[in-house]
Structures are given as structure tokens and as C-alpha cells.
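We're numbering straight along the sequence, starting at 1.
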Amino acid sequence: MSNLGFSDVSMPLFQGDEARPAPLPNGQMPSYIRDHRKRLRERFMAAGGDALPDYELLELLLFRAIPRQDVKPLARRLLEVFGSYNGVLSAPVARLGEVKGVGATVICELKLVEAAAHRLARSKVMQRRILSSWDALLDYCQTTMAHRDIEQFRILFLDTKNTLIADEEQARGTVNHVPVYPREVVKRALELNSTALILIHNHPSGDPTPSQADIEITEQIRESCKVMGIKLHDHLVIGKSRKLSFRTAGLLFD
């Protein structure tokens with residue numbers, strides 16, 4: 001095998017393995033794996049995560065879970081199955097467990113990083129004036145909902161200053177449907193003394209185009225909120241790589 005695999009130059013994804021699988025002498029890490037890990041960590045610390053392709057960033061994460069083996073083949077396998085770094089982190093536990101080489105420790109590491117990403121994104125929008133932090137809100141929605149395999153309906157509750165006071169999951173459904181009840185939405189808003197709402201749900205298909213059912217339930221919620229003096233600012237539909245705003249698309253009227 002060429003020595004190029006051991007240089008500091010980023011290799012294309014899916015080119016050959018970084019190192020051949022080999023028996024580990026006396027439980028020790030072979031030098032070719034140890035040296036590769038050292039160089040990868042140094043590159044990460046010097047240039048940051050943006051300088052690394054998805055498979056190398058995933059390798060760094062897998063180092064902790066699998067301390068004495070070459071993890072590039074597993075990183076490659078995970079990306080083949082789930083499509084992207086975000087797809088790997090967001091994958092359901094059951095599906096991760098179906099991938100050869102993935103055990104409880106690997107799943108725990110992946111889910112720990114996912115939870116940290118969600119908490120960081122959430123911290124950038126909670127207790128903030130949401131209409132002036134719109135980009136952060138979109139990033140938060142994309143991070144937490146884009147790769148879910150079932151539909152989830154969330155509500156952001158705002159106060160009179162449009163500060164986000166609560167972010168709650170209202171319902172979960174199937175791959176293409178989630179039950180939502182306008183009466184329950186309004187009831188929860190009144191319990192929280194919320195004066196404005198933003199609705200959010202995801203489309204596991206990846207296409208954020210709203211269905212006729214999405215449009216109808218949004219109008220029902222808007223009408224129910226209007227009666228109680230609650231403003232519906234928007235309804236966001238989150239796809240895999242795109243999102244749609246009802247208000248921007250001309251589907252929500254005051």
C-alpha cells in the first residue's frame with residue numbers, strides 16, 4: 001500500500017484504508033495507527049474542524065471509543081450508510097447498532113456529541129429576542145430536526161418582547177404525519193403566558209415543501225391563536241438541507 005496514506009495531506013473520502021487491519025501485539029497500538037492519530041489530532045488543533053473532511057472528523061471522534069484499532073474503515077462505513085457527518089450523529093440508535101463494528105461505546109460517543117451540538121445551538125436562541133436572532137434559530141432547527149426519521153412538531157413560545165421563553169415538542173408522528181391539535185397549542189401558550197408562537201416541524205423525506213394538511217393545520221392554529229390574542233409569527237418546515245418559511249412563501253397571513 002502507498003505511503004501517501006500516512007502523510008498530512010487529506011486523502012479523498014473512500015480512497016483506501018489508512019492502515020491495514022492487523023493483530024495488535026500484546027494489546028498495544030501499532031505505531032502506524034498511533035502516528036496517524038497523533039498527526040490527525042495535531043492538524044485538528046492547528047487548523048480546526050473546518051479543515052478536516054467528514055471522515056477525518058469522524059475518525060477523531062471514534063478514537064475515543066475504539067482506542068487500539070484503525071477506525072478509518074468504520075468511519076467510511078458510517079458515512080456510506082448515513083450520508084454525512086450530521087447524518088451519522090443524528091442516526092437513530094437502533095440503526096447505528098446495525099452497522100458492523102458499532103457497539104454501545106461508539107453509540108454513546110456519537111450521541112454525546114449530538115447532545116452537545118443540540119445544547120450549544122439551543123443556548124444561542126433561548127432567552128433571546130428571536131426575530132433578531134433568526135439565523136441562529138434556523139441553525140438550531142436544522143441541527144436538531146433535519147435528520148430525524150419521523151416527523152416531529154415543535155413550538156417556540158415567545159413573550160411580549162418576542163423573547164424565546166420555551167421550546168417544546170408538541171407531538172411525534174410517523175415518517176409523513178404528525179397529529180397536532182390547535183386547542184392544545186393555544187392551551188399551552190396560555191399556561192406559559194406566551195403572546196406569540198413559531199411552529200416548526202420536519203419532513204423526513206428531505207423535501208420541506210408543505211403538504212395541504214400542513215397548510216390547513218397552520219391556518220387552524222392561526223385562527224385559534226387570533227381569538228386569544230396570540231400572534232403566529234411563522235411556521236418553519238425543516239428538510240434535510242433546506243427549510244421553508246410559511247411567511248416568506250406567502251402561506252401565512254395576519
Side-chain angles (χ1 to χ4, degrees), residues 2-19 29 32-67 69-92 95-96 99 101-102 105-126 128 130 132-149 167 200 202 206 208 236 238-245:
S2 168
N3 287 330
L4 288 176
F6 298 96
S7 73
D8 285 340
V9 178
S10 297
M11 299 300 292
L13 185 59
F14 308 147
Q15 183 161 326
D17 288 342
E18 193 77 31
M29 186 189 302
Y32 58 82
I33 296 179
R34 183 177 61 249
D35 294 344
H36 167 62
R37 292 186 173 199
K38 182 174 182 290
R39 283 193 297 271
L40 198 53
R41 288 190 178 105
E42 288 173 348
R43 286 176 49 214
F44 173 77
M45 294 305 297
D50 289 343
L52 302 181
D54 281 359
Y55 80 96
E56 289 187 334
L57 202 60
L58 193 51
E59 276 190 85
L60 278 171
L61 177 55
L62 293 173
F63 288 169
R64 289 168 45 88
I66 305 175
Q69 293 181 27
D70 175 20
V71 296
K72 182 178 178 182
L74 179 56
R76 180 180 68 180
R77 194 177 306 129
L78 285 165
L79 290 170
E80 286 175 341
V81 172
F82 299 109
S84 68
Y85 185 81
N86 289 342
V88 173
L89 294 183
S90 303
R95 288 197 62 202
L96 284 169
V99 177
V102 173
T105 304
V106 168
I107 292 174
C108 182
E109 290 293 332
L110 294 174
K111 290 302 165 186
L112 178 61
V113 173
E114 182 192 27
H118 289 185
R119 186 161 297 188
L120 178 61
R122 181 185 174 89
S123 72
K124 294 179 180 180
V125 296
M126 288 302 299
R128 305 268 180 110
I130 209 67
S132 60
S133 306
W134 197 249
D135 288 343
L137 172 64
L138 294 178
D139 287 344
Y140 170 58
C141 294
Q142 198 72 27
T143 298
T144 57
M145 299 180 71
H147 295 280
R148 293 180 179 271
D149 59 347
D167 164 24
I200 310 168
N202 63 306
L236 303 175
I238 309 300
K240 285 286 192 296
S241 58
R242 296 185 296 126
K243 48 256 182 191
L244 180 139
S245 158

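In this structure, Val99 and Phe82 approach most closely via the heavy-atom pair CG2-CE1, 3.9 Å. Between Gln142 and Lys240, the shortest heavy-atom distance links the atoms NE2-O, 2.9 Å. Among all heavy-atom pairs drawn from Pro92 and Asp149, the shortest one is CG-OD2, 3.2 Å. Ile238 approaches Cys141 most closely through the heavy-atom pair CD1-CB, 3.7 Å. In this structure, Pro208 and Leu244 approach most closely via the heavy-atom pair O-CB, 3.9 Å. Between Ala146 and Gly239, the shortest heavy-atom distance links the atoms CB-O, 3.4 Å.
Put simply, CG on Leu40 and CG on Leu60 are 4.0 Å apart, with the number rounded to the nearest 0.5 Å. Taken to the nearest 0.5 Å, the CG atom of Asp139 stands 12.5 Å off from the CH2 atom of Trp134. Between atom CG of residue Leu79 and atom OH of residue Tyr85 there is a gap of 10.0 Å, rounded to the nearest 0.5 Å. One finds the OG atom of Ser90 at 11.5 Å from the CZ atom of Arg95 (value rounded to the nearest 0.5 Å). Taken to the nearest 0.5 Å, the CG atom of Asp54 stands 12.0 Å off from the CG atom of Leu78.
Counting only heavy atoms from C-beta outward, the side chains of Ser84 and His147 approach each other to under 4.5 Å. For the pair Ile200/Met145, a side-chain contact is recorded, criterion being any heavy-atom separation below 4.5 Å from C-beta on. Put simply, the side chain of Val102 does not reach to within 4.5 Å of the side chain of Arg77, judged on heavy atoms. Looking only at side-chain heavy atoms (C-beta outward), Leu74 and Gln69 stay at 4.5 Å or farther from each other. Between Arg76 and Tyr55, every side-chain heavy-atom pair lies at or beyond the 4.5 Å cut-off. For the pair Arg64/Thr105, no side-chain contact is recorded, criterion being any heavy-atom separation below 4.5 Å from C-beta on. Within the 4.5 Å cutoff, side-chain heavy atoms of Leu61 are placed close to those of Leu89. You'll find the side chain of Tyr140 stays beyond 4.5 Å of the side chain of Leu120, heavy atoms only.
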Go through Leu62 and Glu109 one step at a time and tell me if the side chain to side chain contact (heavy atoms under 4.5 Å, CB included) criterion holds.
-> CA-CA 8 Å; Leu62 293 173; Glu109 290 293 332; over 6 Å; no

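Glu59 has no carboxylate O lying under 4.0 Å from a charged side-chain N of Lys72, or vice versa, which leaves the two without a salt bridge.
Although no hydrogens or angles enter the test, the distance criterion places no donor-acceptor pair under 3.5 Å between the side chain of Arg41 and the main chain of His36. The backbone N or O of Leu236 sits nowhere less than 3.5 Å from a side-chain atom of Lys243 that would complete a donor-acceptor pair. Without hydrogens or angle criteria, Glu114 side chain to Ala91 main chain gives no donor-acceptor distance under 3.5 Å. Looking only at distances, a side-chain donor or acceptor of Arg148 sits under 3.5 Å from a matching main-chain atom of Thr144.
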